[in-house]
**Q** 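Take this structure, written in structure tokens, and hold onto it; I'll ask about it next.
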Amino acid sequence: MEQCIALVDCNNFFVSCERVFRPDLDGRPMVVLSSNDGCVISRSDEAKRLGIRMGEPWFKVKGLHKYRDVMAFSGNFPLYSDLSNRVKCMLADFSPVHEEYSVDESFLDLTGFDDIRERSCAIREIVRKQAGIPVCIGIGPTKTLAKLANFVAKKHPKSKGIFFYNVLDRQQKRVLLDKIPVDEVWGIGQRLSRSLRRLGIGTVCQLHDSDIKAMRARFGVPMERLVSELRGIPCIEIADISPPRKQIMSSRSFGERITKQDDLENAMAFHATKIGRQLRKQESVAGMVHVFLETDPFRKDRPQYHPYISLPLVEPTSSTVEINRYAMIGLHRIYKSGYEYRKAGVCVSELSPESLFFPDMFADSRQERIMKVMDEINGQFGNGALRLSQDDWMHRYWEPRKERMSPRYTTSWNELAVCGD
DNA sequence: TCTGGGGTCCTAGGACCC
DNA sequence: TCTGGGGTCCTAGGACCC
């Protein structure tokens, strides 16, 4: 039986989340900004039509007269993450096999269902009604074709948000694939698309018809798989159970330039805390801690310094206290005064399941107990109720700017939406 | 003048994704 | 003044070994 994969993709997800609580903004051009209100990371259709590009720096956009009516919101990630979970729960009812691919996309395996069209309509309707989020659905025999079908569903109003790609319909295939530029294919980025164009491959149709052996020889196995997927031969499986992360990172650009080691310590403690929490949540321990600092690469007139250090842990851990201790050691080794730092971060790698790790029988088990208490208290009273002394929110001078933030309608009691809002 | 050949492992950096 | 954050995978090239 031919495989049937649907890709459900939330339209302009972050913007749609803001509109759930501000329906008055429907039809208005609006954008959501990255951390520090740096650049545009989500655009409404109206903003796209005005010509605002993805990733465009906000300071450039806001100065232009033609964009004067555009509403901008600072990224409200707790809100988006909460709404994302609600949507995922709804989707799970429509297929036993599904993969949560990203915050706003899920693959559903619809193989064997004989009511795929009705099912897709129901998905759209229920997610719109119950979560307030509009979605588009692309359906095809492989994940790559489902992605492409989703692109068509989004672009063509005639499809009404659902597009079914049929490999057997040669006429449809020709007409459709010939119109789509090759860089719309999942896995073809800027560089590959440039190389392909030099070979005379500019459309999806041309890539589909290319000599697969020659493509493999020139670009490697991933490209061979990609061409096969375009031809309807599945090479990328649905990852039903999401594998545990192999590394966990936390980093931020600062709201203002930071020079003092104290302030960097404060930021590092924040990152170490966040990482510890995530490690324990996925029941992993880390074997390596990495710490990095960055000055502003856009300020060519200032001295640049981008140090990075990796420290192996004596014993793998998920303890916030231990990760913070190593982060501080790393920071002290790489910190140099006289630079204006713009960004700092902590990363852990060499993760392994907690259950496979047998601690030294003489090891101090207090850490584990302390972390348990910390997670319990923070679970009840909110993250930050119990924290490291260095993770001092009264002195977070480095915190990114969020000047246009909407309330955390769904994740903070003090900011709940009320009638009339 | 002339400086093996092939395998493995590791790492940094690039490319891609959202 | 102002340019995100968090991932994965692949590859080239160096180090090292026999």
Side-chain angles (χ1 to χ4, degrees), chain A residues 7 9-14 31-43 52-64 72-77 80-81 84 99-107 143-144 147 150-151 182-196 216 218-226 236 239 242-257 267 270-271 274-275 278 282 288 290 292 294-302 306 308-310 312 340 342-351 399-404:
Chain A
L7 175 70
D9 190 329
C10 302
N11 301 352
N12 315 329
F13 183 53
F14 298 163
V31 297
V32 170
L33 306 175
S34 64
S35 161
N36 258 327
D37 298 340
C39 53
V40 173
I41 52 172
S42 182
R43 306 159 295 158
I52 298 175
R53 283 169 304 149
M54 189 68 167
E56 208 163 354
W58 174 239
F59 75 89
K60 284 186 184 168
V61 175
K62 70 178 173 189
L64 295 178
F73 287 86
S74 303
N76 186 345
F77 298 102
Y80 311 152
S81 159
S84 169
E99 172 185 342
E100 296 178 5
Y101 175 63
S102 73
V103 70
D104 65 339
E105 286 171 83
S106 285
F107 287 105
K143 286 169 95 174
T144 305
K147 286 279 271 188
N150 196 285
F151 171 79
V182 73
D183 40 310
E184 293 300 338
V185 176
W186 190 33
I188 305 286
Q190 267 182 12
R191 206 188 131 107
L192 274 175
S193 129
R194 266 203 308 272
S195 305
L196 287 170
R216 180 189 167 137
R218 174 90 169 72
F219 299 103
V221 177
M223 180 64 87
E224 183 189 24
R225 280 206 291 261
L226 198 153
I236 309 169
S242 55
R245 302 261 85 88
K246 294 177 176 176
Q247 61 176 51
I248 296 174
M249 197 201 297
S250 176
S251 70
R252 288 284 181 287
S253 294
F254 304 137
E256 49 192 78
R257 303 290 166 253
F270 168 85
H271 295 309
K274 196 170 152 218
I275 287 174
Q278 288 181 30
Q282 80 159 35
M288 190 83 102
H290 316 262
F292 64 90
E294 273 178 34
T295 48
D296 188 346
F298 294 100
R299 293 295 302 267
K300 306 283 183 215
D301 54 324
R302 301 289 166 108
H306 295 180
Y308 177 91
I309 191 170
S310 300
E340 291 181 350
R342 184 191 78 128
K343 186 176 178 179
V346 179
C347 177
V348 292
S349 64
E350 297 191 5
L351 306 192
E399 224 170 11
R401 288 183 307 278
K402 287 180 191 165
E403 285 161 3
R404 299 158 169 275

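Computed from a predicted structure; not experimentally measured. Reminder, nothing fancy here: chain letters follow the sequence lines and each chain counts from 1.
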**Q** Is there a side-chain polar atom (N or O) of A:Ser250 under 4.0 Å from OP1 or OP2 of C:dG5?
**A**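 Checking A:Ser250 against C:dG5: no side-chain N or O falls below 4.0 Å of OP1 or OP2.
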**Q** For the backbone of A:Arg401 and the side chain of A:Asn36, can you confirm whether one donor and one acceptor N or O come within less than 3.5 Å of each other?
**A**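 Checked: pair present.
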**Q** Between A:Lys143 and A:Glu99 (salt bridge meaning N to carboxylate O under 4.0 Å), is one present in this structure?
**A**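 Salt bridge: yes.
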**Q** Check every strand shown and say whether A:Leu192 touches a base, only sugar-phosphate, or nothing at a heavy-atom separation below 4.0 Å.
**A**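 The answer is sugar-phosphate, as A:Leu192 gets under 4.0 Å only of primed atoms, P, OP1 or OP2.
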**Q** Quick check against the 3.5 Å criterion: does A:Asp37 have a side-chain atom that pairs as donor or acceptor with the backbone of A:Glu403?
**A**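 Yes, because the side chain of A:Asp37 sits within donor-acceptor range (under 3.5 Å) of the backbone of A:Glu403.
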**Q** When all nucleic acid strands are considered with a 4.0 Å heavy-atom cut-off, which category describes A:Phe77: base, sugar-phosphate, or nothing?
**A**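 Touches nothing.
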**Q** Taking only the C1' atom of each, what is the distance from C:dC16 to B:dG4 in whole angstrom?
**A**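 The same atom, C1', in both gives a distance of 15 Å.
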**Q** A:Phe298 has an atom CZ; how far is it from atom P of C:dT1, in whole Å?
**A**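 So the two atoms are 14 Å apart, to the nearest Å.
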**Q** If only atom types and distance count, is the side chain of A:Arg43 paired as donor or acceptor with the main-chain N or O of A:Ile52 below 3.5 Å?
**A**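 Side chain of A:Arg43 to backbone of A:Ile52: a pair is present.
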**Q** Measure CD/A:Glu403 against P/C:dG4 and give the value in whole Å, please.
**A**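 Nearest whole value for this atom pair: 15 Å.
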**Q** On DNA chain C, check which nucleotide each of A:Lys60 and A:Pro222 is closest to and give me the residue with the more 5' one.
**A**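 The 5'-side residue here is A:Lys60.
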**Q** Consider the side chain of A:Arg299, meaning its heavy atoms from C-beta on, and name the nucleotide among B:dC16, C:dT3, C:dT1 that approaches it most closely.
**A**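 Out of B:dC16, C:dT3, C:dT1, the nucleotide with an atom closest to A:Arg299's side chain is C:dT1.
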**Q** Think A:Lys62 has a side-chain N or O under 4.0 angstrom from the OP1 or OP2 of C:dT1?
**A**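 No, outside the criterion.
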**Q** Within this structure, what is the CE-to-C1' distance between A:Met54 and B:dC17, rounded to whole angstrom?
**A**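 That distance rounds to 12 Å.
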**Q** Kindly express the pairing pattern of DNA chain B in dot-bracket notation, using | wherever a base pairs with another strand and counting only Watson-Crick or G-U pairs under 3.5 Å.
**A** ....||||||||||||||
**Q** A quick test of your reading: do over 12 heavy atoms of other residues, nucleotides or ligands sit less than 6.0 Å from CZ of A:Arg257?
**A**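 Yes, because the 6.0 Å sphere around CZ of A:Arg257 holds more than 12 heavy atoms from other groups.
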**Q** Figure out the CG/P separation between A:Asn11 and B:dC18, and round it to whole Å.
**A**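 Computing the A:Asn11:CG to B:dC18:P distance gives 15 Å.
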**Q** Dump every N/O contact between nucleotides 7-13 of chain B and the protein below 3.5 Å, one line per pair.
**A**
none

**Q** Looking at A:Arg342, I'd like to know whether one of its side-chain N or O atoms comes within less than 4.0 Å of OP1 or OP2 on C:dG4.
**A**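 True: A:Arg342 side-chain N/O within range (under 4.0 Å) of C:dG4 OP1/OP2.
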**Q** Classify A:Val61 by what it touches in the nucleic acid, base, sugar-phosphate, or nothing, heavy-atom distance under 4.0 Å.
**A**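 Counting heavy atoms under 4.0 Å across all strands, no contact is made by A:Val61.
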**Q** Please report the distance, rounded to the nearest Å, between CZ in A:Phe292 and P in C:dG5.
**A**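 Atom CZ in A:Phe292 sits about 9 Å away from atom P in C:dG5.
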**Q** For the side chain of A:Met249, counting heavy atoms from C-beta on, which of B:dC17, C:dT3, C:dG6 is nearest?
**A**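 Nearest to the side chain of A:Met249 among the choices is C:dG6.
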**Q** Do side-chain atoms of A:Gln282 reach the backbone of A:Arg245 as a donor and acceptor pair under 3.5 angstrom?
**A**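 Checked: pair present.
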**Q** Evaluate the ring planes of A:Tyr80 and A:Phe14, with Trp represented by its six-membered ring, and classify them as parallel (under 30°), tilted (30 to 60°) or perpendicular (over 60°).
**A**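 Judged by the thresholds at 30° and 60°, the geometry between A:Tyr80 and A:Phe14 is parallel.
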**Q** B:dC17 P sits how many Å from A:Leu226 CG, rounded?
**A**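 Going from A:Leu226 (CG) to B:dC17 (P), I get 9 Å.
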**Q** Are OP1 or OP2 of C:dG6 and a side-chain N or O of A:Arg252 less than 4.0 angstrom apart?
**A**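 Looking at the OP1 and OP2 atoms of C:dG6, one of them is under 4.0 Å from a side-chain N or O of A:Arg252.
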**Q** Expressed as a whole number of Å, how far does the P atom of C:dC17 sit from that of B:dT3?
**A**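 Roughly 24 Å separates the two P atoms.
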**Q** Checking A:Asp183 side chain against A:Ser193 main chain: does a donor-acceptor pair fall under 3.5 Å?
**A**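 Flag not set: sc A:Asp183 to bb A:Ser193 has no pair under 3.5 Å.
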**Q** Does A:Gln247 reach a base, just sugar-phosphate, or nothing at all? Heavy atoms under 4.0 Å.
**A**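 It contacts base atoms.
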**Q** Categorize A:Asp104 for me: base, sugar-phosphate, or nothing, with a 4.0 angstrom heavy-atom threshold over every strand shown.
**A**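 A:Asp104: backbone/sugar contact only, no base atoms under 4.0 Å.
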**Q** Grab the CZ-P distance between A:Arg401 and C:dT1 for me, whole Å please.
**A**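 Going from CZ in A:Arg401 over to P in C:dT1 covers 13 Å.
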**Q** Going by centres under 5.5 angstrom and planes under 30 degrees, do the aromatic ring of A:Trp58 and the base ring of C:dC2 stack?
**A**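 A:Trp58 ring does not meet the centre or angle cut-off for C:dC2; no stack.
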**Q** Give A:Arg257 one of three labels, base, sugar-phosphate or nothing, depending on what nucleic acid heavy atoms sit under 4.0 Å from its own.
**A**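 Result for A:Arg257 = sugar-phosphate.
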**Q** Just by modelled atom types, is the A:Ser102 backbone N or O under 3.5 Å from a matching donor or acceptor in the A:Glu105 side chain?
**A**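 Checking the backbone N and O of A:Ser102 against the side chain of A:Glu105, no donor-acceptor pair under 3.5 Å is found.
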**Q** Looking only at side-chain N and O atoms, does A:Ser34 come under 4.0 Å of OP1 or OP2 in C:dG5?
**A**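 Checking A:Ser34 against C:dG5: no side-chain N or O falls below 4.0 Å of OP1 or OP2.
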**Q** Given that A:Gln278 and A:Gly38 both sit by DNA chain C, which one's nearest nucleotide is further toward the 5' end?
**A**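 Taking each residue's closest nucleotide, the earlier one in sequence belongs to A:Gly38.
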**Q** Can you check the A:Ile275 CD1 to C:dG6 C1' distance for me, whole Å?
**A**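 Roughly 11 Å, once rounded to whole Å.
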**Q** Should A:Phe219 and A:Leu196 be marked as a side-chain contact (heavy atoms from CB on, under 4.5 Å) after you check the CA-CA gap, both sets of side-chain angles, and the distance that decides it?
**A** CA-CA 10 Å; A:Phe219 299 103; A:Leu196 287 170; 3.8 Å; yes
**Q** From the options C:dG5, B:dC18, C:dT3, select the nucleotide whose nearest atom is closest to the side chain of A:Ser253.
**A**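 The closest nucleotide is C:dG5.
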**Q** Could I get the full list of ring-ring contact (aromatic ring centres under 6.0 Å, His included) partners for A:Phe73, not counting sequence neighbours?
**A**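 In terms of ring-ring contact (aromatic ring centres under 6.0 Å, His included), with neighbours along the sequence ignored, A:Phe73 is linked to no residue.
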**Q** Can you check whether A:Cys39's main-chain N or O pairs, donor with acceptor, with A:Ser34's side chain at less than 3.5 Å?
**A**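 It does hold such a pair.
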**Q** It should be established whether A:Lys147 places a side-chain nitrogen or oxygen under 4.0 Å from OP1 or OP2 of nucleotide B:dC17.
**A**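 For B:dC17, neither OP1 nor OP2 has a side-chain N or O of A:Lys147 closer than 4.0 Å.
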